[in-house]
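To keep things clear, I will list the structure first and then write my remarks on it.
Every heavy atom of this structure was used, including side-chain atoms; hydrogens, water molecules and symmetry mates were not. These figures come from a predicted structure and were not determined experimentally. Counting begins at 1 with the first residue of the sequence.
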Amino acid sequence: MLKPRSSARVMLAVLLSGTMWYVSAGINHVWIAAWLAPFPILVVLLDLPAAHAAMAAFIASTIGALSFVVAYRGLPPLLLASVVLLFAVPFTCVVSLWRAIALQARPDVAVVAYPGLVVSAEYLISLVSPHGTFGSLAYSQADVPIILQLASVTGLWGISFLMSLVPAALTIAWRHRQEHKIAGRVLMVGILPLGLAVAFGAVRLIRPMPATHVRVGLAVSDVGAGRHFATQDPVEALSVVRANANRAAALAKGGVQFVVLPEKFVGITPEYADRALAILSEVARDAHVTVVAGFNFLSLPERRNLAVVFGPGGQVVLEYDKQHFVPGLEEGYRRGKVIGLVPGAAVATGVAICKD
């Protein structure tokens with residue numbers, strides 16, 4: 001039985017960690033919170049019995065995973081529950097194992113063990129989960145170009161490792177705060193790799209662009225997003241297509257060479273498919289840009305989640321069907337089998353859709 005003061009400390013740590021995960025995941029973008037989120041819970045679990053530590057970790061990670069419930073609240077409840085468990089269960093296992101290691105190992109080993117366990121868990125989950133790497137810590141850094149550069153060398157795993165190394169170093173340094181040499185040494189274990197990664201990212205970002213490069217523009221509006229994907233009304237659908245064609249034209253004037261429209265941004269039926277395609281074909285030809293448009297083809301024996309690529313001459317150069325669907329949500333769609341390589345592009349260019 002925990003004393004009231006200890007219980008309050010644990011509850012505060014759970015709330016702090018859970019809240020920071022919540023605001024840095026799902027549709028939230030407080031990227032720095034993802035770096036700090038593990039720190040409160042890691043600090044307290046080292047002083048808790050194993051069962052209590054596991055429970056605290058599970059609750060904190062569940063609070064964080066609720067951000068995905070809010071972001072994808074239209075999904076079936078069973079699928080949402082599986083998403084929450086996809087976060088909470090692995091994290092609970094990771095920190096339970098790390099707690100056992102940290103209580104026995106040298107401080108510097110304890111620091112490195114935590115990110116090693118996190119990345120190992122992420123990698124193993126990616127091999128067996130139908131959602132692939134969904135849920136990786138690295139995705140929370142999508143708005144931080146200087147950190148993203150690390151992916152060019154290590155993929156997602158290096159970013160997740162670094163994001164876990166820093167709070168682990170802070171935790172062990174806090175635990176040895178009265179032993180200044182140990183605290184300083186473990187802080188360096190976390191700070192030095194972070195500094196090197198930031199320096200690498202900075203150098204990579206300021207380097208001149210390669211001689212052959214492509215400027216890509218994303219044409220999307222949050223106003224009405226997701227409202228038209230199931231429409232079968234030609235007036236509504238063609239209005240949406242024209243609005244996106246105008247966005248494509250505006251981007252082309254800004255110097256982009258590829259314009260990318262959202263996945264399933266509008267529903268399309270055979271009744272008006274030719275007219276919809278003609279609108280985007282015309283803007284691609286007139287602006288001399290490549291347009292990648294995500295259509296939701298309906299009223300077919302098999303629906304199609306399709307990316308249609310219009311070349312700068314206005315011709316359709318590629319039709320790419322999505323290959324990996326959300327279980328329980330995207331039934332009845334044709335499953336693509338061909339890699340979406342764009343023929344005739346100036347540089348090797350591919351198209352993929354969402355989970356692909």
Side-chain angles (χ1 to χ4, degrees), residues 1-25 33-69 81-125 135-137 140 160-161 163-187 189-190:
M1 185 77 178
L2 293 176
K3 295 180 180 179
R5 185 174 178 180
S6 297
S7 296
R9 178 170 169 260
V10 172
M11 287 190 290
L12 179 61
V14 167
L15 287 174
L16 284 173
S17 288
T19 300
M20 285 191 282
W21 274 314
Y22 182 91
V23 300
S24 62
W35 293 75
L36 301 174
F39 175 60
I41 197 68
L42 292 182
V43 167
V44 298
L45 67 80
L46 290 176
D47 297 322
L48 294 176
H52 290 174
M55 181 61 69
F58 183 83
I59 295 172
S61 52
T62 296
I63 293 172
L66 291 178
S67 60
F68 291 96
V69 175
S82 70
V83 169
V84 172
L85 293 177
L86 185 65
F87 287 87
V89 172
F91 179 74
T92 302
C93 294
V94 163
V95 297
S96 296
L97 182 55
W98 178 75
R99 173 187 170 278
I101 294 171
L103 291 175
Q104 300 295 327
R106 299 197 321 267
D108 47 354
V109 173
V111 170
V112 177
Y114 177 68
L117 290 169
V118 168
V119 172
S120 296
E122 283 193 356
Y123 178 71
L124 291 174
I125 290 170
S136 170
L137 287 173
S140 66
S160 293
F161 186 93
M163 292 177 65
S164 303
L165 181 69
V166 170
L170 292 173
T171 298
I172 300 302
W174 175 261
R175 189 167 179 81
H176 294 274
R177 59 191 179 279
Q178 303 301 329
E179 304 165 89
H180 300 302
K181 287 186 178 181
I182 295 177
R185 186 172 73 245
V186 297
L187 280 175
V189 172

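Contacts classified as side-chain hydrogen bond (donor to acceptor under 3.5 Å, both in side chains) and involving residues 53-62 (residues at least two apart or in different chains) are not found. Among residues at least two apart or in separate chains, salt bridge (Lys or Arg N to Asp or Glu O under 4.0 Å) pairs with a member in residues 108-118 are Arg106-Asp108.
Between the OH atom of Tyr114 and the CD1 atom of Ile172 there is a distance of 11.5 Å, given to the nearest 0.5 Å. Separation of atoms CG (Leu170) and CG (Leu165) is listed at 9.5 Å; rounding is to 0.5 Å. For the atom pair CG (Leu187) and NE2 (His180), the distance works out to 12.0 Å, reported to the nearest 0.5 Å.
Every residue meeting the side chain to side chain donor-acceptor pair (under 3.5 Å) condition with Ser160, not counting sequence neighbours, appears here in chain and number order: Glu122, Ser136. In terms of the salt bridge (charged side-chain N to carboxylate O under 4.0 Å, His left out) criterion, residue partners of Arg175 (sequence neighbours excluded) are, by chain and number, Asp47. In terms of the side chain to side chain contact (heavy atoms under 4.5 Å, CB included) criterion, residue partners of Ala60 (sequence neighbours excluded) are, by chain and number, Val14, Ser17, Trp21, Ile41. Applying the side chain to side chain contact (heavy atoms under 4.5 Å, CB included) test to Ala34 and every residue at least two apart in sequence or in another chain returns Ser24, Ser140, Gln141, Met163.
Side-chain contact check for Trp35 versus Leu137: every heavy-atom pair is 4.5 Å or farther apart. Residues Val83 and Val69 are not in side-chain contact: their nearest non-hydrogen atoms beyond the backbone lie 4.5 Å or more apart.
Shortest non-hydrogen contact noted between Ile63 and Thr19 is CG2-N, 4.2 Å. A pairwise comparison of heavy atoms in Gly190 and Val166 identifies O-CG2, 4.1 Å as the closest pair.
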Side chains of residues 87-101: which donor-acceptor partners sit under 3.5 Å, not counting sequence neighbours?
residue, atom, partner, partner atom, Å
Thr92, OG1, Phe58, N, 3.4
Thr92, OG1, Ala88, O, 2.7
Ser96, OG, Thr92, O, 2.7
Trp98, NE1, Ala110, O, 2.7
Arg99, NE, Leu45, O, 3.3
Arg99, NE, Leu48, O, 3.1
Arg99, NH2, Leu48, O, 2.9

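If you run side-chain contact (heavy atoms from CB on, under 4.5 Å) between Pro40 and each of Leu12, Leu16, Thr171, only Leu16 comes through.
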